[in-house]
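For reference, the structure discussed in these notes is given below.
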There are 2 protein chains.
Amino acid sequence: MSDISNTEGIPLYVKIRESLRQQIASGELERGQKLPSEDELATQFGVSRMTVRQGTSDLIDDGLLYRRHGVGTFVTLPHIERDHSRLTNFFENSDKHGIHAKATILEFEVIHATPMIAQALLLESDEFVIHIKSLRQADEVMVTLHDAYIPHRLFSEMIQEELHDFDVQHLWSKFEKNGYPVKRAVQKIEARLADQELAKVMQIQAGAPILFKERTVYAEDGTPVEFTYCYNRGDMYSLTVILNR
Amino acid sequence: MSDISNTEGIPLYVKIRESLRQQIASGELERGQKLPSEDELATQFGVSRMTVRQGTSDLIDDGLLYRRHGVGTFVTLPHIERDHSRLTNFFENSDKHGIHAKATILEFEVIHATPMIAQALLLESDEFVIHIKSLRQADEVMVTLHDAYIPHRLFSEMIQEELHDFDVQHLWSKFEKNGYPVKRAVQKIEARLADQELAKVMQIQAGAPILFKERTVYAEDGTPVEFTYCYNRGDMYSLTVILNR
DNA sequence: ATTATCTAGACGTATAGATATCTATATTAT
DNA sequence: ATAATATAGATATCTATACGTCTAGATAAT
């Protein structure tokens, strides 16, 4: 043991990962620079080589490092943090950017699933779903209209709550409490125009650009927990995603 | 050694991964089903437990499996293949779906980088970039207009080629040949309206919805190799992305 | 009945090697 | 000079083993 003491129960590879991440962030390890070899790092940190690899592998997934077989491990030039393309809650995201986010629930009802929704949520076509229509504002400006559908079978106790008590901000943590932690989402994205109805609700012009998302949210085990149509104001909303080859 | 013989130079963990992937695809391993324990799999495949984990870890990244500490490894319910959100070439993608793709080069020039482009490509503001404006068709329908900018410094020999010889389809393989294999892209997506100029070029109505992408493509080492404005026909083009929490 | 504790099984972390393969460089042979 | 070859260093793959931690269920104590 040398640099890294086993304080608390934090795994060694996590400490190594964070130590390297910090060294990169601080500029101690410069862009494009070659890291010490895995053997060397193992010696420096006083761990085995496999443990070093476990740490660096995480940073490679994050896009901070890359390896060249037979050559070495290097710091990537611009740091594209994978964080920029992670699944986030509207409110989490707003918080982080210091934006005041608010949601107003327009409708809250239990209905039969449409074929489209049933297919997305893996339900029988006659099953019930909870429908929540909500309007989201960022700094008092209406940005998004959500039409969310949730399997009634999985979250029936949610409708026990009063409408004004209901907290759309913590919908996902509610899923988690019920044993379905939100893990991933598949989103189909399109450009559309606002029709009369949408324009009225969002207080924009009919024919204004709308970034339309059709999103299915899945729990850890792959259970679909939410299917949502999102209508985002085109001039107020953009989406950044990172794709790998 | 049992199931998996070391034919060729394919790593064991890759064989295990693909064997499991095939078993999942064929339904031999059912959705939601628990896999044999890691120890058992190691015995079955005649390898060590760590090798099994290397294989299953890949499938977890792909979203086909998930682990529960102290419980086991399971097959996810619907199979969201990560492939749906990987960075693909317009032509590769069309090929796979049996669509006839074609690109027409409208402009091909060397210009000074604008501040925006210079920033994205990490260039000095006076540096040269190669500008390629191209129109992409899928089954004879115009779908996308591309404005691509490439650092002249890195790929100067590309302009030696004749314009009609130039193959925009293999731009990325050209990058690769020059030592910059395409690795990742950051895309900012917006909904916009077609202006007069764009409408004319793409033969659509002014005011039609456009899915606008601002994309920076990076090589393995993080070098930006391409910055592109993409204007996609809203009614012909949608984008599917998978996000993880 | 309810609560606390034990325990078996499974994944999580970590070690200390061994061998293979790849890359860049230096050396040698032509 | 040029091309083939050797070599050193680095990552890639893999083994066998050990102990930690978590979960679910069984058992025991209250």
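These numbers were taken from a predicted model, which means no experiment stands behind them. In what follows, chains carry the letters A, B, and so on, assigned in the order in which the sequence lines appear, proteins first and then strands, with residues in each chain numbered from 1.
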Separation of C:dA20 atom C1' from B:Leu12 atom CG, nearest Å, is 12 Å

Rounding to a whole Å, what distance do you find between B:Asp58:CG and D:dA12:C1'? 13 Å

When the distance from CD1 of A:Ile10 to P of D:dG20 is rounded to whole Å, what number comes out? 18 Å

B:Thr51 side-chain proximity, nearest of D:dA10, C:dC11, D:dT15: D:dT15

Atom CD of B:Gln33 and atom C1' of C:dA10 are separated, to the nearest Å, by 16 Å

Please list residues of residues 61-78 of chain A whose heavy atoms come under 4.0 Å from any atom in DNA chain C, ordered by number; otherwise none. A:Arg68, A:His69, A:Gly70, A:Val71

Specify the separation, in whole Å, of atom CD of B:Gln54 and atom P of C:dT13. 15 Å

Quick one: B:Tyr13 OH to C:dT21 P, roughly how many Å, whole number? 14 Å

Calculate the interatomic distance between B:Arg53 atom CZ and D:dT13 atom P; express it in whole Å. 17 Å

Candidate nucleotides D:dT11, C:dC11, C:dT15, ranked by approach to the side chain of A:Glu38 - the nearest: D:dT11

Any donor-acceptor pair under 3.5 Å linking the side chain of B:Thr73 with the backbone of B:Arg67? no

From OG1 (A:Thr228) to CD (A:Glu214), nearest 0.5 Å: 10.5 Å

Regarding B:Arg136 and B:Ser94, is there a side-chain donor-to-acceptor distance under 3.5 Å anywhere? no

With under 30° as parallel and over 60° as perpendicular, where do the rings of B:Tyr66 and B:Phe74 fit, or are they tilted in between? parallel

So, does B:Thr223 use its side chain to make a donor-acceptor pair with the main chain of B:Ala219 at under 3.5 Å? no

Calculate the interatomic distance between A:Glu220 atom CD and D:dC22 atom P; express it in whole Å. 15 Å

Starting from the 5' end of DNA chain C, give me the residue, A:Val52 or B:Arg49, whose nearest nucleotide shows up first. B:Arg49

Within a strict 4.5 Å, meaning less than it, do heavy atoms of the A:Tyr218 and A:Lys183 side chains meet? no

Considering heavy-atom distances to DNA chain C, does A:Met50 or B:Glu40 have its closest nucleotide positioned more toward the 5' end? B:Glu40

In terms of ring plane angle, is the pair B:His131 and B:Tyr149 parallel, tilted or perpendicular, where the classes change at 30° and 60°? parallel

